[in-house]
Amino acid sequence: MSLRILVVDDEETILFAFREHFEPLGYEIDCAQELEEAEALLSHVRYGLLIADLRLTGSQSSEGLELIRYARERSPWTRIVVLTGSGSEAMKSEAMDRGVDAFLEKPRPLGELAALAANLLERTA
Amino acid sequence: MSSLGSTTGGGGGGGGRLWDLILAPEGLTTSFQPIFERKDGQLTVFALEALNRGPRGTNIERSDVLFEYVRRKRGEVAIDRLAIAASLREARGLPEVPGLSLNIHAATLEREPRLPAWLAEMAAEYEVPCKRIIVEIVEHAPPWSGRQFLESLDRLRTLGMRIALDDVGLGQSNFRMILDCRPDLLKIDRHFVSGAHADENRRAVLESIADLAVRLGAKAVAEGIEDERDLEVVLASGIGLLQGFLLCRPCSSKRLRKLDFMKRLWSEPLPEGYGDDLPDDPSATQEVPAPR
């Protein structure tokens with residue numbers, strides 16, 4: 001199982017925090033802020049885990065759902081975690097229907113996310 | 001700049017942080033990889049293929065990620081104009097070689113009817129004769145056989161340019177495309193070249209494309225040659241145009257201009273493996289690191 005993780009969020013501070021916390025644990029972290037950037041990476045890089053926000057361009061957007069659909073199609077081996085601060089029940093339901101492994105609401109302790117990643121990647125935390 | 005419009009004209013792109021970086025001055029970096037021709041037991045340079053990378057230090061520095069990003073943004077026309085301008089600018093002043101290969105998306109040729117005329121103007125501006133230009137058609141998505149696409153190909157031919165079809169054997173670079181495009185060059189994807197020395201089926205594919213090229217009045221190019229044993233198989237298959245790291249890695253124009261390199265590269269037959277003893281050029285010859 002690849003220990004490479006793609007984190008997709010429009011907030012740079014969140015991406016920074018992921019990098020700071022996960023890289024010392026031995027993960028390779030790539031970060032993307034745009035839907036198309038994330039899709040391009042998923043097309044050419046093999047990731048074990050995708051951690052994605054649902055809204056990348058505003059409070060009413062839903063690029064994350066499109067990204068989940070794309071990841072399921074192009075990178076079926078990649079486990080998917082949604083981490084969002086504004087997901088409605090309808091969006092959660094749709095995300096789960098599209099096959100995400102976990103749907104979490106922000107904020108979340110990084111340690112908890114690391115444990116989840118280790119579990120999904122079948123790795124001892 | 002061309003009177004037909006700005007370098008980035010033609011629509012598409014849709015904005016965004018990365019897109020702005022691409023459009024910035026020096027947003028794209030151009031290098032050149034020679035395509036060699038084997039004649040009478042010697043290698044000479046047949047053409048230089050211009051290769052472009054995205055902004056340094058970004059996820060799209062890698063060309064494959066860059067062009068996937070561009071396609072997702074539907075920004076093919078804009079990126080092709082930028083890449084063409086950057087490539088011609090870098091090529092200006094290089095000694096003449098028979099060909100300068102420029103990658104252009106099929107979608108650009110379909111969506112932008114003015115592209116052939118614009119390309120000719122840009123070539124004139126950078127003093128590159130049209131007869132040297134090879135338009136290498138990349139991207140494998142519809143509309144491959146759009147009416148405008150085919151008209152643009154005809155226009156490019158009328159201007160004296162040659163047509164190459166990239167990634168032959170994969171995706172949309174199929175027999176129909178070969179018939180529609182009538183390419184001068186069939187570029188065989190590395191998938192069929194790598195490991196051909198140990199795979200009879202790959203050898204059969206190479207021989208069949210080489211034969212097809214001859215019958216269509218075209219030339220076959222083997223891409224991605226990285227192993228001497230594969231090179232031998234490629235040559236034995238009747239393929240005389242060769243490209244790959246084994247022969248020469250992509251070079252910056254600065255490196256190509258170095259006199260000692262230039263003299264040997266252009267004016268004399270080149271021994272196989274030439275370039276191996278040259279010092280590394282960090283700006284152009286190394287693999288782009290994995291995205292961060």
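Note on naming: letters A, B, ... go to the chains in the order of the sequence lines (proteins, then strands), and numbering restarts at 1 for each one. Just so we're clear, the structure is a prediction, and the values are computed from it rather than from any experiment.
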Quick one: which of B:R72, B:K73, B:R74 gives a salt bridge (Lys or Arg N to Asp or Glu O under 4.0 Å) with A:E36? B:K73
Between atom NE2 of A:H44 and atom CG of B:N59, what is the distance when rounded to the nearest 0.5 Å? 12.5 Å
Give, as side chain, backbone, both or neither, the part of A:E34 having an atom under 4.5 angstrom from any heavy atom of chain B. side chain
Minimum heavy-atom distance between B:E68 and A:A40, given as atom pair plus value: CG-CA, 3.6 Å
Do other residues, nucleotides or ligands put more than 12 heavy atoms under 6.0 Å from the CD atom of A:E112? yes
